[in-house]
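Reviewing the structure listed below.
The shown structure was predicted, so the numbers you read here are calculated from the model rather than taken from an experiment. Letters A, B, ... are given to chains in the order of the sequence lines, protein chains preceding strands, and every chain is numbered from 1. What's counted below: heavy atoms across the whole structure, side chains too, no hydrogens, waters or symmetry copies.
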There are 2 protein chains.
Amino acid sequence: MLIADGEGLQQFKRHQHLARAGEAQDTIYRVEAGWACRYRMLRDNRRQITALFLPGDYCEPHWLFSAEVHHPVVALTDLRVRRIPLQEIRDVPVAQYENVRSVLRAILRSLHGQSDWIVSLGRKTALERLSSLLCEIFDRLRSGDQVLDNQCAMPLTQHDLADIVGLTPVHVNRVLQVLRARGLIELSARWMRLPDPEALRKLG
Amino acid sequence: MLIADGEGLQQFKRHQHLARAGEAQDTIYRVEAGWACRYRMLRDNRRQITALFLPGDYCEPHWLFSAEVHHPVVALTDLRVRRIPLQEIRDVPVAQYENVRSVLRAILRSLHGQSDWIVSLGRKTALERLSSLLCEIFDRLRSGDQVLDNQCAMPLTQHDLADIVGLTPVHVNRVLQVLRARGLIELSARWMRLPDPEALRKLG
DNA sequence: CGGAAGCTTGATATAAGTCAAGATCCGTGG
DNA sequence: CCACGGATCTTGACTTATATCAAGCTTCCG
């Protein structure tokens, strides 16, 4: 099921869970390659994704302070992560609190990111939601040097996108076509190019 | 403008800001009486509320770790808060970290609460959103012993409600009438009664 | 090469928004 | 204490964004 190694590396296949609701975690992760998300399911199969984890991100840094898993975390693509046992962080000598600080910063980032998603879902139009999501992804990948020539990975399914922006896959499809028609995005085979990131950002 | 006193108490009038975007805060607040919220405004006057602060809540506990204000905070009613200077928390002897811990718990609570709002905004129907919001308020007030006989304060305007659940004031009005018609809520003069909280919760 | 997963498209349905007017509540000043 | 005016709530008619259903198409992986 899991392939671990001496360095704390671990692999998950697409759709495999890193954490299920109700579990207690004794470790957080850092994403090395691939994408994951936190989500919640309602009775009738409606799914809403509440956080996205890209390479370089901590996955659920808040587990450091509250081990209980509220929402499940699942791999959106094949995934390679590094386990960071909580004990390892806690046991560090006080002088080296830098680890804790960096986890804390990650928690604040996610708090802030979630507020933005609330604004997006509550008050933005479909076009605006998708534009700002794509920009967010682009920016986050760029800050990890994963953008070259305005191109970056885009392994999400239109269905995944729909579950982030709170729309229907069909509608996501139509909106993406509008963005394409306006020359704001180019999508193909899991890659995305933003010819003019600023123009796209202005839509959000 | 502000009326402070020796105990660190401070009053705000409805619609007065506790914090504006871009400021740096040297204090967090604890709400003593009245309600406040964090929000964000888009160009064309669309407003989305991203957090609600009720009596007993810390207001923006994360300022302890990152002083910069991203989203403004405003009083939704006349408000009485107690200032908790950040230095006061930081300077505490290591043995008494309980203060920091409680602020941290508040941060995690708000992280978790925000995820729920994302789910609500992304995937729930108007009826479900309002039901679960009213339940949330009811539960939070109850945990502070502010519910008596299934009744609690409800000083929010239908316009405020709309800005929380991402709907139009007109539509909020209609949905509230449905809930009234079904005997699930009773609203009058800033008070709310939930004859059957469980039934209401089941809608969310 | 076959089949499932994902994408595209069209026709139609529905939830929620917009606009507009009237009714009600409520604090304020005279 | 009353009268006024603004904020809030209510209601109706109509519009629009997004969802639903359904079918065909394309891609990709085993």
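- Regarding L167(A), its CG atom lies at a distance of 14 Å from the C1' atom of dA16(C), rounded to whole Å.
- Across all their heavy atoms, A75(B) and F12(B) have their closest contact at CB-CB, 4.3 Å.
- Nucleotide dG27(C) holds its C1' atom 12 Å from the CG atom of D78(B), rounded to whole Å.
- Here CD of E128(A) is found 12.0 Å from SG of C135(A). Values are rounded to the nearest 0.5 Å.
- Across residues 115-127 of chain A, not one residue has a non-hydrogen atom less than 4.0 Å from an atom of DNA chain C.
- Checked against R38(B) for a side-chain hydrogen bond (donor to acceptor under 3.5 Å, both in side chains), the options H70(B), E60(B), H71(B) give a single hit: E60(B).
- Considering every non-hydrogen atom in both D26(A) and R83(A), the closest pair reads OD1-NH2, 4.0 Å.
- Atom pair D163(A):CG and dA19(D):C1' shows a separation of 14 Å (rounding to whole Å applied).
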Check: residues 168-183 of chain A side-chain donor-acceptor pairs under 3.5 Å, at least two apart:
from    : atom 1 : to      : atom 2 : distance (Å)
N173(A) : OD1    : Q177(A) : NE2    : 2.5
N173(A) : ND2    : Q158(A) : OE1    : 3.0

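- Closest approach to the A189(A) side chain among dC28(D), dT18(D), dG10(C) is made by dC28(D) (side chain taken as heavy atoms from C-beta onward).
- End-to-end axis angle for the helix from dC1(C)-dG30(D) to dG30(C)-dC1(D), using five pairs per end and rounding to 10°, comes out at 50°.
- We find that E136(B) and R140(B) are joined by a salt bridge, their nearest charged nitrogen and carboxylate oxygen being less than 4.0 Å apart.
- Rounded to whole Å, the distance from CG on D160(B) to C1' on dT8(D) is 11 Å.
- How far CG of L184(B) is from CG of L203(B): 6.0 Å, rounded to the nearest 0.5 Å.
- Between R40(B) and D116(A) there is a salt bridge, since a side-chain N of the basic residue sits under 4.0 Å from a carboxylate O of the acidic one.
- Going from atom NE2 of H171(A) over to atom C1' of dA17(D) covers 6 Å, rounded to whole Å.
- With salt bridges taken as basic N to acidic carboxylate O contacts below 4.0 Å, one links R201(B) and E198(B).
- Between the CG atom of L161(B) and the P atom of dA16(C) there is a distance of 15 Å, rounded to whole Å.
- Between R80(A) and E32(A) no salt bridge is recorded (no basic side-chain N to carboxylate O distance below 4.0 Å).
- Under the side-chain contact (heavy atoms from CB on, under 4.5 Å) rule, V103(B) has a single partner from L86(B), I84(B), L64(B), which is L64(B).
- Atom NE2 of H112(A) sits about 11.0 Å away from atom OG of S110(A), to the nearest 0.5 Å.
- Contacts classified as salt bridge (charged side-chain N to carboxylate O under 4.0 Å, His left out) and involving residues 151-170 of chain B (residues at least two apart or in different chains) are given here: R123(A)-D163(B), R47(B)-D160(B), R47(B)-D163(B).
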Along nucleotides 1-8 of chain C, 5' to 3', which nucleotides get a B, which get an S, and which get a -, given that the test is a protein heavy-atom distance under 4.0 Å?
-----SSB

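- Remark: nothing in residues 44-52 of chain B comes within less than 4.0 Å of DNA chain C through any heavy atom.
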